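Numbering of residues begins at 1 and proceeds along the displayed sequence. Fair warning: this is a prediction, and the values are worked out from it, not measured in the lab. Note: hydrogens, waters and symmetry copies are ignored here, and every other heavy atom, side chains too, is used.
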Amino acid sequence: MIKPRILLADDHRMVAEGVRGLLEPDYELVGIVEDGRALLEAVDRLRPDAVVADISMPLLNGIDAVRQIKKRHKSVAVIFLTMHVDVDYAASAFEAGALGYVLKHSAPSELLTAIRCGLKGKTYITPLLAGELLQYQREKPAVSADAFSQLTARQREVLQLIAEGFSVKESAAILGISSRTVEFHKYTMIESLGLKSSAELIRFAVQHAKGVSRAGVRLACDIDPSSGGS
């Protein structure tokens, strides 16, 4: 019997090796990649039946990567295996085309169930978020995609780091600014975008922030070195 072919994307090698051991009895693991750009290339080259991916990855976050994968390979089943318990990430994952959403601290059997469902074209979400996601979908805010163009270069940088799951402190360290300045930009974006909370900003970030690498945030956004990091 031919085993379904799985591609794994996670920048934490220990996690990836643990998942490898879980999958290999029933699936053919065709590769392990550690960033979003490598994931796109590997899907094009290896044509897996399913992808198990993290959300927070270097170069391109998992959700943006999946959006691009689904445009080129509609039949690939994508299951997210992530630490993000925020329902905004789950909602954005399914909107991008994922069929499964499992938390890294869930029981291993959940991931296997999610993969089986995905290969059959069915969706699976961890029970820890199922009720919350249903409520979220009923009440989700509507924000125009054009609103992204209204943001400043610095705000877009902060938004990209939010999309990748970085904390305020981590974002401040990457950008070379204070945590207070990051918080200020978050508050300003919530106000200018007409959002109601940080949770809504996270969802907007995951949907609209694209293409800035973790290591190259400063270079990718044409920052003026004389700006003093504000």
Side-chain angles (χ1 to χ4, degrees), residues 4-12 15-16 19 27 29-84 86-102 111 114-115 117-119 121-125 133 140 143-149 151 153 156-166 201-217 219-222:
R5 305 171 74 251
I6 309 291
L7 176 64
L8 177 60
D10 197 303
D11 62 330
H12 293 92
V15 172
V19 175
Y27 301 98
L29 188 63
V30 297
I32 298 176
V33 296
E34 299 183 359
D35 65 70
R37 297 293 180 191
L39 173 58
L40 296 179
E41 186 277 330
V43 171
D44 286 340
R45 175 170 49 87
L46 299 172
R47 302 298 178 94
D49 299 304
V51 169
V52 176
D54 197 359
I55 288 179
S56 298
M57 292 190 294
L59 304 185
L60 186 68
N61 71 68
I63 290 176
D64 281 337
V66 168
R67 285 196 185 97
Q68 295 186 41
I69 289 170
K70 297 301 288 186
K71 289 179 180 178
R72 302 199 291 254
H73 307 284
K74 296 185 183 299
S75 64
V76 175
V78 178
I79 293 85
F80 278 110
L81 178 63
T82 178
M83 61 179 286
H84 292 295
D86 196 307
V87 70
D88 298 275
Y89 283 100
S92 294
F94 286 110
E95 288 171 1
L99 288 174
Y101 196 91
V102 179
L111 177 58
I115 293 173
C117 289
L119 289 171
K122 299 179 180 179
T123 59
Y124 178 90
I125 181 169
L133 180 61
K140 64 181 180 180
V143 180
S144 169
D146 293 338
F148 183 73
S149 63
L151 303 179
R156 294 182 190 184
E157 291 179 305
V158 172
L159 198 69
Q160 173 63 32
L161 294 172
I162 291 173
E164 293 193 14
F166 287 100
L201 182 62
I202 290 172
R203 182 171 184 271
F204 181 86
V206 173
Q207 288 183 323
H208 300 293
K210 302 177 186 294
V212 181
S213 75
R214 293 185 191 176
V217 172
L219 296 178
C221 294
D222 299 322

Work out which heavy atom in Val78 is nearest to a heavy atom in Lys70; give both atom names and the distance. CG2-CD, 4.5 Å
Just jot down the side-chain hydrogen bond (donor to acceptor under 3.5 Å, both in side chains) partners of Tyr27, sequence neighbours excluded, or say none. none
Provide the closest heavy-atom pair for Ala65 versus Leu39 in the form atom of the first, atom of the second, distance. CB-CD2, 4.0 Å
What's the shortest heavy-atom distance between Ile79 and Ala114, and which atoms? CG1-O, 3.8 Å
Shortest non-hydrogen separation from Ala16 to Ile32 and the atoms involved: CB-CG2, 3.9 Å
Going through the distances and angles, do Ile162 and Leu201 end up as a side-chain contact (heavy atoms from CB on, under 4.5 Å)? CA-CA 8 Å; Ile162 291 173; Leu201 182 62; 3.9 Å; yes
Could you please spell out the steps behind the side-chain contact (heavy atoms from CB on, under 4.5 Å) verdict for His73 and Asp44? CA-CA 8 Å; His73 307 284; Asp44 286 340; 2.7 Å; yes
So do the side chains of Leu111 and Val19 get within less than 4.5 Å of each other, counting heavy atoms only? yes
Check: Leu40 and Ile69 side chains under 4.5 Å, non-hydrogen atoms: yes
Less than 4.5 Å apart, side chain to side chain, heavy atoms only: is that true for Leu119 and Leu99? no
Derivation and outcome, side-chain contact (heavy atoms from CB on, under 4.5 Å), residues Glu157 and Leu161: CA-CA 6 Å; Glu157 291 179 305; Leu161 294 172; 5.6 Å; no
The salt bridge (Lys or Arg N to Asp or Glu O under 4.0 Å) partners of Arg47 (sequence neighbours excluded) come to none
Leu46 and Arg5: which non-hydrogen atoms are nearest, and at how many Å? O-NH1, 2.7 Å
What's the separation between atom CD in Gln160 and atom CG in Asp64, rounded to the nearest 0.5 Å? 7.0 Å
Taking the side chain as every heavy atom from C-beta outward, state whether Arg37 and Gln68 have any atom pair closer than 4.5 Å. yes
Atom pair CG (Asp10) and CG (Leu8), whose distance is rounded to the nearest 0.5 Å: 6.0 Å
Can you classify the ring geometry of Tyr101 versus Phe94 as parallel (below 30°), tilted (30 to 60°) or perpendicular (above 60°)? tilted
Closest non-hydrogen contact found for Cys117 with Thr123 is CB-O, 4.4 Å
